[in-house]
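Below is one structure, written out as structure tokens, with a few remarks after it.
In what follows, every chain begins at residue 1, and chains take the letters A, B, ... in the order their sequences are listed.
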Protein chains: 2
Amino acid sequence: METTSQSDAAAPPRAPLTRKRVLDTAVALADEGGVDALSMRRIAQALGVVPMALYKHVANKNELLDGMVDVLVGEIDPPVDGVGWRTAIRRRVLSARRMLLRHPWAPAVIETRAKARAHPTPVMLAYLDSMIGIFRAGGFPVDLTHHAMHVMGSRLLGFSQELFEEGSGRGPEPDALPPEEMAARFPHLTELATAVAHDRESVVGSGCDDQFEFEFALDLTLDGLDRLRAGG
Amino acid sequence: METTSQSDAAAPPRAPLTRKRVLDTAVALADEGGVDALSMRRIAQALGVVPMALYKHVANKNELLDGMVDVLVGEIDPPVDGVGWRTAIRRRVLSARRMLLRHPWAPAVIETRAKARAHPTPVMLAYLDSMIGIFRAGGFPVDLTHHAMHVMGSRLLGFSQELFEEGSGRGPEPDALPPEEMAARFPHLTELATAVAHDRESVVGSGCDDQFEFEFALDLTLDGLDRLRAGG
DNA sequence: ACCTGAACACCGTTCAAGT
DNA sequence: ACCTGAACACCGTTCAAGT
């Protein structure tokens with residue numbers, strides 16, 4: 001195959017390769033053919049680039065998947081002011097659902113990413129923080145907000161299990177944010193995490209009691225169903 | 001490498017290869033190294049068998065994954081009699097949760113399998129049918145049972161989205177059960193499906209209104225949270 | 001008729017050789 | 001210093017050649 005020109009007027013550089021272009025192309029390919037059909041080689045081909053060129057913008061395929069999830073979280077509508085917590089949460093969750101319907105491969109990828117990484121990306125943290133902020137502004141005390149986030153879990157982003165597992169002794173991740181920056185950027189998340197940690201200061205693990213949270217959510221659901229049943 | 005013997009007293013045949021042995025080994029390998037580390041070649045190696053030998057017992061890797069999910073569903077405790085619907089559902093869901101904790105790779109696989117297949121395996125159908133049966137026996141009318149199954153969705157088996165998508169015009173699957181067998185083996189499921197179809201006989205699609213179901217579950221959850229908040 | 005080794009068309013990623 | 005082709009160690013699956 002011949003190049004279009006060998007003169008110094010080179011072929012149009014087709015826009016420089018950027019992280020955003022790589023991630024957007026990856027998302028588009030996954031939308032078309034599912035995540036199984038997604039490969040580094042195919043993304044490169046779609047961008048008219050040699051496979052190795054991608055590695056300048058993403059460390060490896062796992063990090064590419066993290067980046068893709070960030071793109072999706074960015075598609076969720078930002079919270080609206082002045083409408084009350086319930087309307088704000090409801091709109092946000094329905095926006096997240098619309099995003100998931102556009103990208104049916106997303107829940108499975110998010111599920112595996114949440115299990116594989118010790119902690120979520122900053123984009124994900126910002127989403128969770130903003131969601132917590134809505135509950136807090138709506139008059140929910142910290143502990144009920146904590147339960148509420150667990151209850152909403154599977155509806156917030158298509159997760160079925162807990163949002164993020166504990167680091168489980170793997171030690172701090174290399175790309176963890178310093179605590180001060182965490183507190184500054186994600187104040188609601190920090191407040192909640194601090195309250196939870198203080199709550200169980202005498203317990204070994206500083207994380208949530210996942211079993212309790214699961215049963216709390218389950219009982220809330222069963223209560224609701226029972227009420228409907230009794231009401232006819 | 002030499003064979004242990006060339007005499008007619010052959011090496012112990014290590015138990016004949018069966019579908020169950022293939023699936024159990026696959027589940028064990030996934031438990032150890034995650035689903036990414038699972039390959040046909042590795043399963044074969046663990047069984048001391050040539051890779052192609054597996055294809056006598058599973059059609060391909062996707063069908064292997066379906067079989068693995070069936071193994072997991074089989075680990076959920078059967079329903080208990082004489083305890084009331086609420087206790088029965090609660091125990092069952094908590095048993096499903098324990099299964100998921102034993103196999104952290106399961107939700108992502110179930111998620112992808114539910115999206116890839118047009119309909120669930122008979123084992124999965126039996127699980128869902130039995131769950132519906134508990135609600136019905138507990139006095140829930142069919143339509144409320146329908147909503148309840150959607151509400152419980154993500155807790156029933158770690159699904160986040162709808163349990164199974166509509167066939168979406170792909171036509172009947174080759175391995176679909178004939179309607180009479182469906183009705184005989186899964187009576188509750190059939191009753192519910194019939195009621196739903198009748199409900200929307202004037203609508204084109206015969207499936208559920210997923211959007212309605214999602215909002216129903218969301219509002220049930222929000223009602224419960226609001227009640228707790230108001231109660232202090 | 002049954003089984004299986006080699007082969008095919010892929011993968012993600014490394015690395016040394018080019019510019 | 002930067003970029004990249006070939007190569008490495010894998011995949012799932014086909015298929016023809018063996019018994």
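Protein atom CG of B:L38 is 16 Å distant from nucleotide atom C1' of C:dC11, rounded to whole Å. The separation between A:R41 atom CZ and C:dT14 atom C1' is 12 Å, rounded to whole Å. In this structure, B:R42 atom CZ and D:dA9 atom P are separated by 15 Å, rounded to whole Å. The interatomic distance linking A:N60 (CG) with C:dC11 (C1') rounds to 14 Å, in whole Å. Rounded to whole Å, atom C1' of C:dC11 lies 14 Å from atom CD of A:Q45. The nearest whole Å value for the distance from the CG atom in B:L54 to the P atom in D:dC11 is 12 Å. Regarding B:M40, its CE atom lies at a distance of 17 Å from the C1' atom of C:dC11, rounded to whole Å. Here C:dC2 presents its P atom at 7 Å from NZ of B:K56, a figure rounded to the nearest Å.
With salt bridges taken as basic N to acidic carboxylate O contacts below 4.0 Å, one links A:E63 and A:R19.
For the salt bridge (Lys or Arg N to Asp or Glu O under 4.0 Å) with B:D77, the lone residue among B:R91, B:R97, B:R98 that qualifies is B:R98. When each of A:I43, A:L54, A:V69 is tested with A:L64 by the rule side chain to side chain contact (heavy atoms under 4.5 Å, CB included), just one qualifies, namely A:I43.
The separation of D:dG18 from C:dC8, taken at their P atoms, amounts to 16 Å, rounded to a whole angstrom.
B:R136 places no side-chain N or O within 3.5 Å of a backbone atom of B:T145 that could act as its donor or acceptor partner.
You'll find that the side chain of B:Y55 is closest to D:dG12, out of D:dG12, D:dT4, D:dC3. Checked against D:dG12, C:dT4, C:dG12, the side chain of A:S39 finds its nearest nucleotide in C:dG12.
Here the shortest heavy-atom pairing between B:P51 and B:R41 reads CG-CG, 4.1 Å.
Of all nucleotides present, only C:dA6 satisfies the Watson-Crick or G-U wobble test against D:dT14, with each distance under 3.5 Å.
Close to D:dT13, at under 4.0 Å from its OP1 or OP2, lies no side-chain N or O of B:K61.
B:M52 comes within 4.0 angstrom of a base, heavy atoms only.
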